[in-house]
Amino acid sequence: MTRITFLIGNGFDVNVGLDTRYSDFYQYYTKNNPDDMLAKAIEEKYVDWSDLELGLGRYTEQVKEEDEDAFWRSEENLEQELMYFLENQMKRVNIGDGERKRQTANEMKRSLTEFYKEMPVAIRNHISNLIVEEDIVYSFITFNYTDTLDRCVDATKSIMISGVERRYVGTSVCCVSTLGEVLHIHGTTNKELVLGVNDEDQIANKSFNAEPINKQCLIKGETNKSYRNGKIEEAREIIDESVIICLFGLSLGSTDKMWWRYICEWLREDRERRLIIYTRVAAEEGRREAGRRKKFVGQKNMRNRFRANAEISDEEWDELSEQIYVECNAELFKFEIVDK
């Protein structure tokens, strides 16, 4: 059995047509909460909040002891507003039961089975050798609170027998492809939502770290542990069993560096393993697609971002670099499932 795992971020939802960027949420949040502590902070210095989670960690530096209760009320309100905002966005997803559902399932299958087909020959050949004549399990770990990915996976399973599809290699070997469940590592809009930073260093107000409950609420790993949901352990088990990991729609930010570090450990344990990072590079104005140099720069920047936020030393990078590939503007997960 070969496990191929997709780690999915907000770029997936944006890709299908949802307005789920932080900038979209901020417009809604600040308009509807003009007197809220954090809403006012975001409006006053928007540049500091390009990443909501890092922004929360930085903002704690301004919170005096007597203002802590007000901060936590505001933070709770922000989370509630984020839930409402995303739930309204999810209402726009309409897969249905007819032709659109069939098209969604077929596009999902194509994206999963052809995830490496646009890559250079050496990469394609290596992956082909890893998965040929093997039963394949496709697993999904999403960092999103929405259920967009879940609906696409469910639509695909509906045209398979018990979530399994047979495939033939050559003329005689029969293998099966199986779709696993979707693991929401940061919870959903209606259950165990996790919003925060990666570690104590990202909490600017060091007095916050002296109070265990503050760390439980602000550090994502601590929040998951407090929920006792076993999601961190489950995600690590999925990663450990994978031979290929694909990162799609993720910014590879520092508030999730625990996962980038773990993936590096996973790569180090087996030289055959591969990490594929998908990224988007916009075309220059007036051009149909990004030029060669712009794509190369985009690949370099994404590799450097992964390296920096995984905190990989020069020696480690030399060891792992050949196992990491960045693909620009891949034609994957191109669904028409959102009502305008």
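Given the structure is predicted, the values throughout are model-derived calculations rather than measurements. Heavy-atom basis, side chains included; hydrogens, waters and symmetry copies ignored.
Using a 3.5 Å distance cut-off with no hydrogens or angles, the side chains of Gln323 and Arg271 do pair a donor with an acceptor. When only modelled atom types and interatomic distance are considered, Asn77 and Tyr29 share no side-chain donor-acceptor pair under 3.5 Å.
Within the hydrophobic cluster formed by Ile, Leu, Val, Met, Phe, Trp and Tyr side chains joined at under 4.5 Å, directly or through other members, Val121 stands alone, with no partner residue. Side-chain heavy-atom separations under 4.5 angstrom define the hydrophobic clusters, and Val281 shares its cluster with no other residue.
A salt bridge is defined here as a Lys NZ or Arg NE, NH1 or NH2 lying under 4.0 Å from an Asp or Glu carboxylate O, and Arg110 with Glu107 meets this definition. Using a cutoff of 4.0 Å between basic side-chain nitrogens and carboxylate oxygens, Arg3 and Glu241 are scored as salt-bridged. A salt bridge links Asp314 and Arg307; the closest N-O separation between the charged side-chain nitrogens and carboxylate oxygens is under 4.0 Å. Using a 4.0 Å cut-off between charged nitrogen and carboxylate oxygen, Arg102 and Glu99 count as a salt-bridge pair. One finds a salt bridge joining Arg261 and Glu311 here, because a Lys/Arg side-chain nitrogen approaches an Asp/Glu carboxylate oxygen to under 4.0 Å. We find that Glu192 and Arg228 are not joined by a salt bridge, their nearest charged nitrogen and carboxylate oxygen being 4.0 Å or further apart.
Within the structure, the ring-ring contact (aromatic ring centres under 6.0 Å, His included) test picks out the following pairs touching residues 202-231 (sequence neighbours left out): Phe71-Phe208. Residue pairs meeting the side chain to side chain donor-acceptor pair (under 3.5 Å) criterion with at least one member in residues 112-124: none, sequence neighbours excluded. For residues 44-54, the side chain to side chain donor-acceptor pair (under 3.5 Å) pairs, not counting sequence neighbours, are Glu53-Lys220, Glu53-Thr255.
By the salt bridge (Lys or Arg N to Asp or Glu O under 4.0 Å) test, Asp318 pairs with no residue at all, sequence neighbours left out. For Thr104, there are no side-chain hydrogen bond (donor to acceptor under 3.5 Å, both in side chains) partners at least two apart in sequence or on another chain. Take Asp24 and apply the side-chain contact (heavy atoms from CB on, under 4.5 Å) test, not counting sequence neighbours, and it matches Asp19, Arg21, Phe85. Taking Glu237 as the reference, nothing meets the side-chain hydrogen bond (donor to acceptor under 3.5 Å, both in side chains) condition, with sequence neighbours excluded. Residues passing the side-chain hydrogen bond (donor to acceptor under 3.5 Å, both in side chains) test with Glu327 are Tyr325, sequence neighbours excluded. Residues meeting the side-chain contact (heavy atoms from CB on, under 4.5 Å) test with Thr20, sequence neighbours left out: Asn10, Asp13, Val14, Leu18, Leu86, Gln89. Judged as a ring-ring contact (aromatic ring centres under 6.0 Å, His included), and not counting sequence neighbours, the contacts of His186 are Phe143.
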Give the C-alpha distance, both sets of side-chain angles, the deciding distance and a yes or no for side-chain contact (heavy atoms from CB on, under 4.5 Å) between Trp260 and Ile312. CA-CA 10 Å; Trp260 320 144; Ile312 305 175; over 6 Å; no
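The shortest side-chain heavy-atom distance between Ile8 and Val182 does not fall under the 4.5 Å cut-off. Within the 4.5 Å cutoff, the side chain of Ile185 has heavy atoms near those of the Trp259 side chain.
Counting heavy atoms of neighbouring residues, nucleotides and ligands inside a 6.0 Å radius, atom CG of Asn190 exceeds 12 of them.
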